[in-house]
Amino acid sequence: MSHKEDSEGKRSSHHTELYASIPRTCLPIVYHPDYNITFMGLEKLHPFDAGKWGKVIRFLKEEQFISDGDIVGALEATEEDLLVVHTKRYLNRLKWSVVVATITEIPPLLFLPNFLVQRKVLRPLRTQTGGTIMAGKLAVDRGWAINVGGGFHHCSSDRGGGFCAYADITLAIKFLFERVDGISRATIIDLDAHQGNGHERDFMDDRRVFIMDMYNRYIYPGDGFAKRAIKRKVELDWGTEDSEYLQKVELHSEGALNEVRPDIIIYNAGTDILDGDPLGGLSISPQGIVKRDEIVFRAARRRGIPILMVTSGGYQKKTARIIADSILNLHQQGLIGSEALEGEGSSSLVTRRMCSSGPAGSTFTAV
């Protein structure tokens, strides 16, 4: 894309609520109780922990790291927001319950009226998607941001899959490219156990986006076409353990950031690499996951590159505790926290938003 096209894109951007101003009293941690999906117990038909996101927030509150007033309340992405990446045809297909049932792999959804599917399943995913877009802007403003949800890396502009109905990673990057001066290159570090074929398809021919993807080579989605977009591909074997895994994380994350210096890092921090995960097939300990996240954040901090973390997949009940422990460790290591915000100015485009949050609920997603 030429500089002329880029500037014209910025001028023609639609109005959005997702880039509103965030008070400096808020930490750049994005969440909303609407992330959580509870729908007549149907969410229990999938191995994903439907209460994961609310549990993460509860654990962080119990450890007195955050309170309600610290959290940035996510907003639901509107159709106009989604059309920045998605085709109208794809969004219209989501109005059919059978399509949503296929994407989420919850077959009973196909028997339900679509208005219920929209309200109980897709609205939570749109809210998490809005949260990722908001967190992208916050990361640029504050140096780091965490969306407690998101990471729907199997969804591309015109198709969903693997429980991913909206392409939140692609959307966050496209929003930044279109709306934020100085953001013209992005690196995706995808450490979920599964290949991130959605954002790979979306950025196949986009030289502004460098993709590092480290995943179990033997599991879903096995998308050979999408692999062509990966600039640094690390394919793992069944049962890979901490020592080999962490060595590769450090080697390749450092290598990726040395190869191309981006203006923003999007870090897809799936916990389905955990030993015993029914879908991931790897054997990483809880301590290994905490260390993995520290390695990535430390690499970003060392270079002064803003980083956005999304939580992506993880299919065991204990993953919420591990995510919370990892966030607490990042704070203890001085890699995130209110002290990282001091002396930085806010540069948001819209000036009306307040921190908000509410009681934790329950939800699901895959990745």
Side-chain angles (χ1 to χ4, degrees), residues 43-50 52 101-107 125 149-156 159-170 188-204 211-249 251-253 256 266-286 288-289 292-293 296 310-320 322-323 364-367:
E43 71 278 0
K44 296 177 183 177
L45 298 177
H46 188 275
F48 197 82
D49 178 6
K52 176 172 122 175
T102 301
I103 290 171
T104 59
E105 301 183 4
I106 303 178
L125 301 185
F152 306 136
H153 66 161
H154 297 310
C155 186
S156 60
R159 70 177 191 179
F163 332 112
C164 304
Y166 302 106
D168 68 317
I169 291 173
T170 306
I188 299 170
I189 296 179
D190 194 334
L191 300 186
D192 185 273
H194 301 81
Q195 176 200 351
N197 61 321
H199 57 72
E200 288 160 9
R201 285 175 170 266
D202 286 334
F203 293 118
M204 179 66 66
I211 298 174
M212 170 188 157
D213 199 349
M214 187 161 133
Y215 54 86
N216 184 338
R217 71 177 76 206
Y218 300 110
I219 60 175
Y220 177 91
D223 190 334
F225 174 77
K227 288 180 184 181
R228 292 164 49 189
I230 305 173
K231 303 297 194 301
R232 187 171 281 256
K233 178 172 62 178
V234 188
E235 296 190 320
L236 302 172
D237 292 320
W238 292 107
T240 298
E241 297 180 348
D242 285 17
S243 178
E244 177 187 352
Y245 181 82
L246 292 173
Q247 184 178 29
K248 287 182 174 178
V249 169
L251 173 67
H252 291 287
S253 58
I266 289 77
Y267 172 38
N268 198 43
T271 47
D272 50 3
I273 63 171
L274 181 65
D275 186 28
D277 189 281
L279 301 183
L282 303 176
S283 299
I284 309 306
S285 70
I289 292 175
R292 174 201 66 173
D293 295 349
V296 176
V310 290
T311 58
S312 205
Y315 307 93
Q316 298 184 75
K317 295 294 184 183
K318 53 189 171 184
T319 59
I322 296 168
I323 293 168
F364 80 177
T365 290
V367 261

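- Residues His154 and Pro221 form a side-chain contact, since some pair of their non-hydrogen atoms from C-beta on lies under 4.5 Å apart.
- Residues Ile103 and Gly161 share a closest heavy-atom pair of CG2-N, 3.7 Å.
- In this structure, Leu236 CG and Glu241 CD are separated by 12.5 Å, a value rounded to the nearest 0.5 Å.
- Side-chain N or O atoms of Thr271 include one that pairs as donor or acceptor with a backbone N or O of Gly313 at under 3.5 Å.
- A donor-acceptor pair under 3.5 Å is absent between the side-chain atoms of Asp192 and the main chain of Asn268, judged by distance alone.
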Practice problem: Given side chain to side chain contact (heavy atoms under 4.5 Å, CB included), test Leu191 with Met212 step by step and report yes or no. | Solution: CA-CA 8 Å; Leu191 300 186; Met212 170 188 157; 3.9 Å; yes
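- Between Ala165 and Leu125, the closest heavy-atom pair is CB-CD1, 4.0 Å.
- Remark: the backbone N or O of Tyr315 is paired with a side-chain donor or acceptor of Asp277 at under 3.5 angstrom.
- A distance of 6.5 Å separates CG in Asp272 from CD1 in Ile219, rounded to the nearest 0.5 Å.
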Exercise. With side-chain hydrogen bond (donor to acceptor under 3.5 Å, both in side chains) as the test, would you mind laying out the steps for His199 and Asp190 before giving the verdict?
Key: CA-CA 10 Å; His199 57 72; Asp190 194 334; 2.9 Å; yes
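- Across all their heavy atoms, Gly162 and Tyr220 have their closest contact at N-OH, 3.1 Å.
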Quiz item: Please walk me through it: do Ile273 and Ile289 pass side chain to side chain contact (heavy atoms under 4.5 Å, CB included)?
Solution: CA-CA 8 Å; Ile273 63 171; Ile289 292 175; 3.7 Å; yes
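- For the atom pair Gln316 CD and Asp275 CG, the distance stands at 7.5 Å (nearest 0.5 Å).
- Between the side chain of Tyr245 and the backbone N or O of Gly288, no donor-acceptor pair lies under 3.5 Å.
- Asp213 and His153 form no side-chain donor-acceptor contact under 3.5 Å, judged by distance and modelled atom types alone.
- Leu279 CG to His194 NE2: the interatomic distance, rounded to the nearest 0.5 Å, is 5.0 Å.
- Using the six-membered ring where Trp is involved, Trp238 and Tyr218 have ring planes that are parallel, under 30° apart on the 30 and 60° scheme.
- Side chain of Gln195 to backbone of Tyr215: no donor-acceptor contact under 3.5 angstrom is found.
- Smallest separation of non-hydrogen atoms from Ile189 and Ser253: CD1-CB, 4.3 Å.
- Summarising the geometry, atom CD1 belonging to Ile230 is positioned 9.0 Å from atom CG belonging to Asn197; distances are rounded to the nearest 0.5 Å.
- What you find for Ala167 and Cys155 is that their closest heavy atoms are CB-O, 3.3 Å.
- For Asp293, the side chain to side chain donor-acceptor pair (under 3.5 Å) partners at least two apart in sequence or on another chain are Tyr267, Ser326.
- In terms of heavy atoms, Gly239 sits closest to Ser283 at CA-OG, 3.4 Å.
- By the 4.0 Å N-to-carboxylate-O rule, Glu235 lies close enough to Lys227 to be salt-bridged with it.
- With Asp168 contributing its side chain and Gly151 its backbone, the two residues share a donor-acceptor pair below 3.5 Å.
- Atom CD1 in Ile322 sits 11.5 Å away from atom CD1 in Ile284 (nearest 0.5 Å).
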